[in-house]
> 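Can you keep this structure in mind? I'll have questions shortly.
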Amino acid sequence: MCLANSQLKSAVRAPPTWRKPVGDGAKRTRGLGATRARYRRPVASLRMAKKSVLTPQSEDFPQWYQDVMAKAELAENGPARGTMVIRPYGWALWEGMQAEVDRRIKDAGAQNAYFPLFIPESYLHKEAEHVEGFSPELAVVTHGGGKKLDEPLVVRPTSETVINAYFSKWLQSYRDLPLLINQWANVVRWELRPRLFLRTTEFLWQEGHTCHASEDDARDYALRILHDVYENFMVEVIGVPVVTGLKTANERFAGADQTWTCEAMMGDGKALQMGTSHLLGQNFAKVFDTQFLTETGEREYAWQTSWGVSTRMVGGLIMTHGDDAGLRVPPKLAPIQVVVLVVRDEDGAGDAAAALAKQLKAGGIRTELDNRDAPFGRRAVEWELKGVPVRLEIGPRDLAEGTATMVRRDKGEKESTPLDGLPTRIPQLLDEIQKALHQQAQQRQEDRTVDAATVDEAIDGARTGFARIKWDNGGELEKRLNQESVSVRCLRRQDGSVPLATDEPDLVAVVARAY
RNA sequence: CGGGGAGUGGCGCAGUGGUAGCGCACCUGCUUUGGGGGCAGGCGGUCGGGGGUUCAAAUCCCCCCUCCCCGACCA
C-alpha cells in the first residue's frame with residue numbers, strides 16, 4: 001500500500017483484547033532450522049552420505065516447512081508480526097496460480113474490479129453475524145493526517161460490506177443480473193499464530209462477489225465456482241486432490257447461509273482449507289439495500305455469493321508435494337520447468353547446453369540455463385530444493401556421447417538421453433510428472449482416509465489423516481471432536497457430491513486435524 | 001490471554017566478572033566444479049533497550065521492549 005502523503009501518520013489498533021502486551025511469554029524463533037539441518041541423507045546411489053539440507057519431514061514436519069521456506073527462497077517474516085515478505089521464487093508460484101485462477105474466473109463470467117482497503121467501521125457493524133465473526137481479528141485505523149479520525153477505518157478483512165454499498169447503487173434492474181465481480185487484493189486479519197503462507201495477518205487473495213435474481217441462481221453459481229474454478233484448478237494445475245463439501249454451521253463464513261469448501265490433505269495428514277465459496281443469501285443485500293426491480297416491477301433483494309482463494313494455496317502446494325529434498329512443483333505451475341545445468345564448461349559443454357536451452361525455450365518450455373561458476377553439487381541441490389521438475393545435466397562426458405543426463409525431480413531418477421530427442425521427450429516427461437505428482441497425492445489421501453463407526457475411531461483416524469463418519473446434524477459429534485482438536489472439514493453425500501444443507505439425510509462428515 | 005522458551009555478525013550457536021569467539025554464508029585468489037568440492041587469505045558485532053553494582057559487565061541486579069513454540073480464533 002502506498003501513502004501519498006509521507007507525513008501521514010496512522011495508527012493501527014487492534015481491539016482491546018489484542019492490545020495488551022503479551023508479557024514475556026513469547027520469544028522469537030531464530031531461524032529456519034540450520035541447527036537441525038545436519039541429518040544423514042539417505043541417498044543410496046551417492047558415494048558418500050551428505051548432510052541433509054532440510055529437516056526430514058518425518059522428524060519434524062513444521063520444521064521441514066520452515067526449512068523449505070528459507071532454503072527454496074520462498075518467503076520470510078516481515079518486520080511486523082504476522083506479515084510476510086514473499087521472495088521472487090515464492091511470488092512466481094503465486095503469480096502462476098493467479099493467472100490460472102483468473103482465467104477460470106473470467107471463463108465463469110466474472111469481471112475484475114477494485115475496492116478500497118479502508119472500510120468505515122460502521123459498515124462492518126451492519127451485519128450482525130458478520131461483525132461478530134470478524135471483530136476479534138480486525139485492524140482498525142484510528143488516526144490519519146496527524147489527527148484522530150471521526151470514524152475509525154477498518155482495514156478490510158474481506159469486502160462484502162464495501163462491495164455491497166456499491167452494488168446497491170449499480171444494481172437497478174433484473175436486466176443487470178447476474179452481477180459478477182472479482183477483485184485481487186490484500187486483506188488483513190489479526191492472527192494470533194501466523195505461519196508463512198498458511199496464516200498471516202496480511203495475505204493476498206481473490207474475492208468474488210455476485211448478485212443473482214434467485215436463490216437457486218446464486219447457489220448454482222457458488223457451486224460452479226467451487227467446482228469449475230477452484231476444484232478444477234487445484235486438481236488440474238497444481239495437482240492437489242481436494243475433497244469438496246459443505247461446511248457445518250460452526251465452520252461457516254460469518255454472514256453466509258452456506259459455505260462450501262475444497263479441503264486438501266497435506267503430507268503430514270492434516271487438512272488444509274484451500275478455497276471456499278459461500279451462498280450469502282440476502283443477508284448483506286438486506287442491510288445494504290441491494291435491490292433490483294423484477295420483471296413484474298417488484299423490488300427484491302439480490303441473492304448473493306462470495307468466494308475466495310488465497311496465498312495459502314502456496315503453502316498447500318508445498319505441503320502436498322514437497323519431500324525431504326525440497327519442493328516438487330507440478331510442471332503446469334512451475335515457473336521453471338526445465339533447468340539445463342552445465343556440469344563443467346569443457347569441450348563445448350557450455351555451448352551445447354546454451355543451444356539446448358534455447359531450443360527448448362523456442363518449443364515453449366519454461367527453461368533456465370545454469371552455467372554459473374559455482375560447484376556443480378551446490379547448483380544441483382538448489383534446483384532440487386526449488387522443485388524444478390526436470391534437470392538436464394550436460395558435461396564433457398555427456399557431450400561425448402551426444403546425450404544429457406535427465407533427472408526428474410519427482411522420482412529422482414536419472415537417465416541418459418540423446419540430445420536430439422529432448423525437444424519431443426521433454427513435453428511428454430513434464431506431462432508424466434504432472435500426472436505422477438497428482439497420483440501420488442491422491443494415493444496418500446486415499447490411504448490415509450478411514451471410515452469410522454464411532455467418534456473414538458474418527459479421532460484415531462484423524463491422528464494420521466482423514467476419517468469419515470456419519471453426520472448427526474444437531475448432535476454431539478462435532479463438539480466431541482473439537483475437544484480433541486479434530487474438526488469437521490466438510491459434509492458430503494454418500495455418493496461424494498456436495499450437500500446443499502447440513503440437515504440432508506445420510507450425510508458423511510469428513511473430519512481431521514487442520515491447519 | 002493461559003502454559004513454555006529466547007534475545008550475541010546475514011543465519012545458527014558458544015561464551016557465568018577481565019574488554020567477544022566458532023560454524024555456515026559472504027568477499028578475494030588459487031584449484032582437475034560429475035551431488036551443498038579443496039586450500040589460503042579476508043570483510044562483518046553499540047552482545048534487544050535503559051538504569052544499577054563493580055577498578056572492570058554479554059556475564060550479576062532492577063525496569064522495559066521484542067520475538068518463537070503449544071492452546072483458544074482463522075483464507
Side-chain angles (χ1 to χ4, degrees), chain A residues 16-38 41 43 45-54 60 62-63 66-67 70-71 76-77 79-82 133-137 157-158 186-195 197-207 230 251 253-254 259 261-262 272-278 306-316 325 341-346 349 371-385 391 393-398 405 407 412 414 482 485 487 514-515:
Chain A
T17 350
W18 314 102
R19 301 181 65 188
K20 293 172 188 162
V22 180
D24 63 351
K27 294 295 177 187
R28 175 170 35 132
T29 260
R30 312 291 301 300
L32 301 168
T35 31
R36 295 170 176 270
R38 311 229 167 216
R41 182 209 238 170
V43 177
S45 62
L46 298 183
R47 287 187 309 250
M48 55 188 81
K50 280 288 185 180
K51 289 167 187 169
S52 175
V53 182
L54 306 170
D60 184 343
Q63 189 59 51
Q66 300 265 60
D67 289 355
K71 296 290 185 175
E76 49 195 271
N77 289 313
R81 177 187 168 77
F134 278 108
S135 61
E137 35 187 332
T158 177
N186 58 340
V187 286
V188 166
R189 298 180 187 177
W190 215 258
E191 292 294 346
L192 283 72
R193 278 187 60 203
R195 293 185 47 146
F197 287 115
L198 301 176
R199 198 190 305 104
T200 47
T201 289
E202 178 192 6
F203 60 95
L204 306 179
W205 74 349
Q206 68 52 226
E207 49 178 325
Y230 295 162
E251 301 274 339
F253 173 70
T259 291
T261 180
C262 293
L272 183 72
Q273 180 173 303
M274 297 278 284
T276 54
S277 187
H278 318 289
S306 71
W307 25 276
V309 292
S310 73
T311 35
R312 171 180 276 188
M313 286 196 299
V314 178
L341 204 52
V342 180
V343 179
R344 271 186 297 143
D345 189 5
E346 286 174 11
N371 56 4
R372 290 173 297 172
D373 180 28
F376 169 77
R378 172 167 294 275
R379 291 181 291 138
V381 166
E382 180 183 324
W383 296 117
E384 200 167 60
L385 280 164
R391 289 204 311 281
E393 304 172 353
I394 299 185
R397 299 211 292 260
D398 304 282
T405 301
V407 191
K414 291 188 179 185
N482 289 168
S485 294
S487 56
Y515 278 99

> Can you find a side chain N or O atom of A:S485 that sits less than 4.0 Å from OP1 or OP2 on B:rA72?
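So the side chain of A:S485 is within the cut-off, an N or O lying under 4.0 Å from OP1 or OP2 of B:rA72.
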
> Under 4.0 Å, counting only non-hydrogen atoms across every strand here, what does A:L272 touch: a base, just sugar-phosphate, or nothing?
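A:L272: no heavy atom of the nucleic acid under 4.0 Å.
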
> What integer number of Å spans the P atoms of B:rA58 and B:rU46?
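Between the two P atoms, the distance is 13 Å.
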
> Using the P atom in both, what is the distance from B:rG71 to B:rU33, to the nearest Å?
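Straight-line distance between the two P atoms is 50 Å.
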
> Which residues satisfy the salt bridge (Lys or Arg N to Asp or Glu O under 4.0 Å) test with A:R379, sequence neighbours excluded?
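With neighbours one apart ignored, the set is A:D370.
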
> What contact category does A:G395 fall into here, base, sugar-phosphate, or nothing, at under 4.0 angstrom with non-hydrogen atoms?
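It contacts base atoms.
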
> Starting at the 5' end of RNA chain B, what dot-bracket string do you get if Watson-Crick and G-U pairs under 3.5 Å are bracketed, crossing pairs use [ ], other-strand pairs use | and unpaired bases use dots?
((((((((.[[[[.)..(..]]]].((((((.....)))))).....[[[[[..)....]]]]])))))))....

> Quick one: label A:P396 by what it contacts on the DNA or RNA (base, sugar-phosphate, nothing), any heavy atom closer than 4.0 Å.
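The residue A:P396 makes base contact.
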
> Under 4.0 Å, counting only non-hydrogen atoms across every strand here, what does A:Q273 touch: a base, just sugar-phosphate, or nothing?
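Sugar-phosphate contact only.
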
> With nearest nucleotides of RNA chain B determined for A:P194 and A:V309 from heavy-atom distances, which residue corresponds to the more 5′ nucleotide?
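With A:P194 and A:V309 compared, the 5'-side residue is A:P194.
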
> Set out, line by line, the N/O atom pairs under 3.5 Å between protein and nucleotides 27-33 of chain B.
| unit_1 | atom_1 | unit_2 | atom_2 | d |
| --- | --- | --- | --- | --- |
| B:rU33 | O2' | A:V343 | O | 3.2 |
| B:rU33 | O2 | A:A374 | O | 2.4 |
| B:rU33 | O2 | A:P375 | N | 2.9 |
| B:rU33 | N3 | A:D373 | OD1 | 3.0 |
| B:rU33 | O4 | A:D373 | OD1 | 2.4 |

> Within the modelled atom types, does a donor on one side and an acceptor on the other bring the side chain of A:K414 and the base of B:rG34 under 3.5 Å apart?
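Under the 3.5 Å cut-off, the side chain and the base do not form any donor-acceptor pair.
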
> Can you tell me whether the side chain of A:R199 and the base of B:rC74 have a donor-acceptor pair closer than 3.5 Å?
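Answer is yes: a donor-acceptor pair is held.
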
> NA contact type, A:L385, heavy-atom cut-off 4.0 Å: base, sugar-phosphate, or nothing?
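Answer is base: heavy atoms of A:L385 come under 4.0 Å of a base.
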
> With a 4.0 Å limit, can you tell me whether A:R378 has a side-chain N or O closer than that to the phosphate oxygens OP1/OP2 of B:rA25?
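For B:rA25, OP1 or OP2 has a side-chain N or O of A:R378 closer than 4.0 Å.
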
> Considering every strand and a 4.0 Å limit on heavy-atom distances, what is the contact class for A:T158: base, sugar-phosphate, or nothing?
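Nothing, no heavy atom under 4.0 Å.
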
> Counting any heavy atom closer than 4.0 Å, what does A:T200 reach on the DNA or RNA strands: base, sugar-phosphate only, or nothing?
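Answer is base: heavy atoms of A:T200 come under 4.0 Å of a base.
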
